[in-house]
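In what follows, a single structure is set out as structure tokens and then discussed.
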Protein chains: 2
Amino acid sequence: MSKDSCRPYHHGNLFQALINTALELLQEQGSWQFNLREVARRTGVSHAAPYRHFSDKTALLTELALVGFDALGDALSASRQPENPVQQQLLAAAMAYVAFADANPALYRLMFSADAGNREDVHLSQRAQNTFTVVLALLEQGRREGVFNGKRPLQSQALACWAEVHGLALLAIDGLLLPEKVGNDPVSAALSTLVEGLGA
Amino acid sequence: MSKDSCRPYHHGNLFQALINTALELLQEQGSWQFNLREVARRTGVSHAAPYRHFSDKTALLTELALVGFDALGDALSASRQPENPVQQQLLAAAMAYVAFADANPALYRLMFSADAGNREDVHLSQRAQNTFTVVLALLEQGRREGVFNGKRPLQSQALACWAEVHGLALLAIDGLLLPEKVGNDPVSAALSTLVEGLGA
DNA sequence: ACCTGAACACCGTTCAAGT
DNA sequence: ACCTGAACACCGTTCAAGT
């Protein structure tokens, strides 16, 4: 995309290049257990170069997770169809969510694993909370329209939705959603069960 | 517990001793990213000794996951109170489930992470399915008693329950259930929302 | 200002020996 | 039959130099 793309870095933006390579490795190896040395190798720099841009392997992983949350946010935005009834909107958002996780399993896992090196990174848990916000908005709309009930606190219902979707995403990623056992569209079926509980 | 517990292994059952040490490290470090060498060290054997009992670090991890599933099964059994109405039983089982995950975060994560080295270990996914079975039984009972509806296929409802509980467990583990935002008992509140969807 | 090469400590794994 | 010690390849990280 830039003027001379034969040797894009070495004095271009190695920062981005490293992130891209790392995303590739994440996808290929199915986990964040790749080595920094190979990231460097694949990017065409010495194994010490990344340390000029990331203090740590953990720092790289954190950056990847942030990219992931942005991408998830974009996917959810893209799936929005405000002209539909709220139930359908909620379903559609949930399907888009699970589809994202299914398409980027290692990235999705990384986003949520305090396991990695993610510790209590404020940025991360805040972005995770943003996902939560999307659900909240739809639930509020549903209540205003009288489609959803107010039996439970709004926050509880939102949490129920998020947990459901998060759980389905992870079960899907880990190959625990066997279609023979659970029907050909387990996700929408399971979600419908939940949405019924929200009905007025 | 055996006759001479001063030096329990060296010629006792090193197999079990290694597993126990590994479980400790798992709990302490909060992830399966400990090293085999330290497991050996803490167990009082050379770093090569474990390879006499486990072909691999992955093999050890798989064993830990199996232990975990057994423990989870025990926890669920212990929480059974057949005299209560089904909704309460379902709630109680779910609470026990989340409590287990909360008490053994790293172990619970390991149990479900294809991430580790768990690959498609048949034993594991089968034990995971067993958890699923418990839910199925309760749902069936609920239907027989006319307390739960049959709007959706049984399998879908069971999946919805499992995903909900799995999702809550992981959100709890990863510290995303902030009590200020979500009430003092987010889990039971979220679950109630789901159970309402099952009502006849 | 950014990158390289050598170096350090450490880990997973193997294997020839030891008891 | 089970364990040890040395050894190998490899990784994360650092740092003195290079441009």
Side-chain angles (χ1 to χ4, degrees), chain A residues 2-22 24-26 28-65 106 110 113 115-119, chain B residues 2-22 24-26 28-65 106 110 113 115-119:
Chain A
S2 66
K3 28 204 166 167
D4 196 341
S5 52
C6 298
R7 304 213 234 65
Y9 4 94
H10 276 297
H11 8 65
N13 50 346
L14 183 54
F15 182 83
Q16 263 303 322
L18 288 170
I19 289 183
N20 293 338
T21 307
E24 281 175 34
L25 284 171
L26 198 60
E28 278 181 38
Q29 315 207 157
S31 97
W32 51 270
Q33 294 261 144
F34 51 78
N35 27 230
L36 262 196
R37 284 173 111 107
E38 184 165 2
V39 176
R41 214 174 297 144
R42 287 260 270 254
T43 313
V45 293
S46 87
H47 62 260
Y51 288 88
R52 215 45 39 195
H53 299 270
F54 301 97
S55 64
D56 228 340
K57 182 180 179 182
T58 301
L60 211 207
L61 293 179
T62 302
E63 201 60 38
L64 294 183
L110 174 63
S113 64
D115 212 6
N118 271 337
R119 358 199 147 278
Chain B
S2 65
K3 29 203 166 167
D4 195 342
S5 53
C6 299
R7 304 214 234 64
Y9 5 93
H10 276 296
H11 9 63
N13 50 347
L14 184 52
F15 181 84
Q16 262 304 322
L18 289 170
I19 289 182
N20 293 339
T21 307
E24 281 175 35
L25 284 172
L26 198 59
E28 278 181 37
Q29 316 207 154
S31 97
W32 51 270
Q33 294 260 144
F34 51 77
N35 27 226
L36 263 196
R37 282 172 114 108
E38 185 166 0
V39 176
R41 214 174 296 144
R42 286 258 270 256
T43 314
V45 294
S46 86
H47 62 260
Y51 288 87
R52 216 43 40 195
H53 299 270
F54 300 96
S55 63
D56 229 339
K57 182 180 179 182
T58 301
L60 210 209
L61 293 181
T62 301
E63 201 60 37
L64 294 183
L110 174 63
S113 64
D115 213 7
N118 271 337
R119 0 201 144 277

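We name chains A, B, ... by the order of the sequence lines, and we start the count at 1 in each one.
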Given a 3.5 Å cut-off on both pairing distances, which stems involving DNA chain C, each at least three consecutive Watson-Crick or G-U pairs, are present, if any? C:4-8 with D:12-16, C:12-16 with D:4-8

Any side-chain heavy-atom pair from D56(B) and L60(B) closer than 4.5 angstrom? no

Per-nucleotide protein contact string for nucleotides 6-19 of chain D (B base, S sugar-phosphate only, - none; heavy atom under 4.0 Å): BB---BBBBB----

Set of residues satisfying ring pair (Phe, Tyr, Trp, His ring centres under 6.0 Å) with respect to F54(A), sequence neighbours excluded: F15(A)

To the nearest Å, give me how far apart CG (N13(A)) and C1' (dC2(C)) are. 13 Å

Any salt bridge (charged side-chain N to carboxylate O under 4.0 Å, His left out) pairs touching residues 29-41 of chain A, not counting sequence neighbours? E38(A)-R42(A)

Can any side-chain N or O of S46(B) pair as donor or acceptor with the backbone N or O of A48(B) at less than 3.5 Å? yes

Ring pair (Phe, Tyr, Trp, His ring centres under 6.0 Å) against Y51(B), all qualifying residues, sequence neighbours excluded: none

Closer than 3.5 angstrom, by distance alone: can the side chain of S31(A) be matched with the main-chain N or O of Q33(A) as a donor-acceptor pair? yes

Quick one: L14(A) CG to dT4(C) C1', roughly how many Å, whole number? 13 Å

So, taking the atom named CD1 in I19(B) and the one named CG in L26(B), what distance separates them when rounded to the nearest 0.5 Å? 12.0 Å

For a 4.5 angstrom cut-off between non-hydrogen side-chain atoms, does W32(B) reach L64(B)? no

Nearest-Å distance, CG (L18(B)) to P (dC2(D))? 13 Å

